Amino acid sequence: MITALAGGVGAARFLRGLVAVVPPERTTAIVNTGDDLVLHGLYICPDLDTVTYTLAGVIDPATGWGRAEESWRVMDQLGRLGGRTWFRLGDMDLATHLYRTQRLSEGVGLSVVASELAAAWELDVRMLPMSDDPVRTVLRVPGQGEVSFQDYFVRQHHDVTVESVSFAGVEDAAPAPGVLDAVAAADAIIICPSNPIVSIGPIVAVPGMRQALESRRERVVAISPIIAGAAVKGPADRLMRELGHDASVVGVARLYGALAGTLVIDRADEDLAGAVEAQGIRVVITETLMSTPAVAADLARAALASVLG
Ligand code: FO1
């Protein structure tokens, strides 16, 4: 069994490669829910949906989130009414949020809804939210105080300085059913190329997760989302710098060193391999920029080989 810790777009692209090289029914994705939000009364789980739509082959390839061939009639009407439209919800995507919100109101847990949605897309991958309990990533921005994740990421285009990041509610959150077992029983645990602070950080912060990963460290392989000092997409590099980390594969190694025995880095960072290994973490060097599904599959193969031999 293979278990992957996943954020949004980068993780989804990696997982598409992973299921090309291992049977999907042997694969579990533990997905960040710190980005979740309630908007228009709807419960929205961007990372779960991004991973689900990508594996189902219906993701918008241009944005990496939302549905391909989407229409926006509801958003257009909402705009006319003066409603909130900064977080774009397409007409087909809205069906997912309506379904999820209704099921949650019936008392069903988020993990059950996630598996129902995965089944509706005929996915064999086990899709688990990190927790059924609400955890919200919150960023402290000078002059604004605490800002919710999607306000920071989408409304403010992650173009503000961040002083600190916290995960509201995480102390009281329990891992979703099956999460700890998926770590304990996995032959390999892969930390996907996601933002270490705001995508993987919330998953690791769920009580019990850090210890579960540390105890399987030799089976944990992380893929650096930083290539040549920059994030492929999103604010990981800037956020790392602002929070006092090196925005490099060495900084990633320091963040993951206690959890992962191996770090996969890009060929562009070959000259930093020694500095990474000095952090007590083995290095695998390969192409990590997932420009095509075939590159993602090769990356998955390399990550698995580093742990499974
Ligand atoms: N990202 C944007 O940049 N702008 C949006 O309007 C937006 C809407 C949206 C709706 C549903 C969904 O599942 C994702 C959406 N995203 C949007 C992406 C999302 O903010 C990020 O991908 C993640 O939260 C970061 O991993």
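These figures come from a predicted structure and were not determined experimentally. Numbering of ligands and ligand atoms starts at 1, following listing order.
If you look at ligand 1, the protein residues with a non-hydrogen atom under 4.0 Å away are Gly8, Asp35, Pro46, Asp47, Trp65, Trp86, Phe87, Arg88, Leu89, Asp93, Phe149, Gln150, Phe153, Val154.
Screening residues 26-49 for salt bridge (Lys or Arg N to Asp or Glu O under 4.0 Å), with sequence neighbours left out, gives Arg26-Asp187, Asp49-Arg100.
At a threshold of 4.5 Å between non-hydrogen side-chain atoms, the residues Leu117 and Met127 do not count as touching.
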Original post:
Between Thr288 and Ile227, is a side chain to side chain contact (heavy atoms under 4.5 Å, CB included) present by the stated rule, with each step listed?
Top reply: CA-CA 8 Å; Thr288 66; Ile227 301 176; 3.2 Å; yes
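Shown here is Arg84, whose CZ atom has no more than 12 heavy atoms of other residues, nucleotides or ligands within 6.0 Å. Atom CD of Glu163 sits in a crowded spot, with more than 12 heavy atoms from other residues, nucleotides or ligands closer than 6.0 Å.
Aromatic ring orientation, Trp121 versus Tyr53: perpendicular (interplanar angle above 60°, classes split at 30° and 60°).
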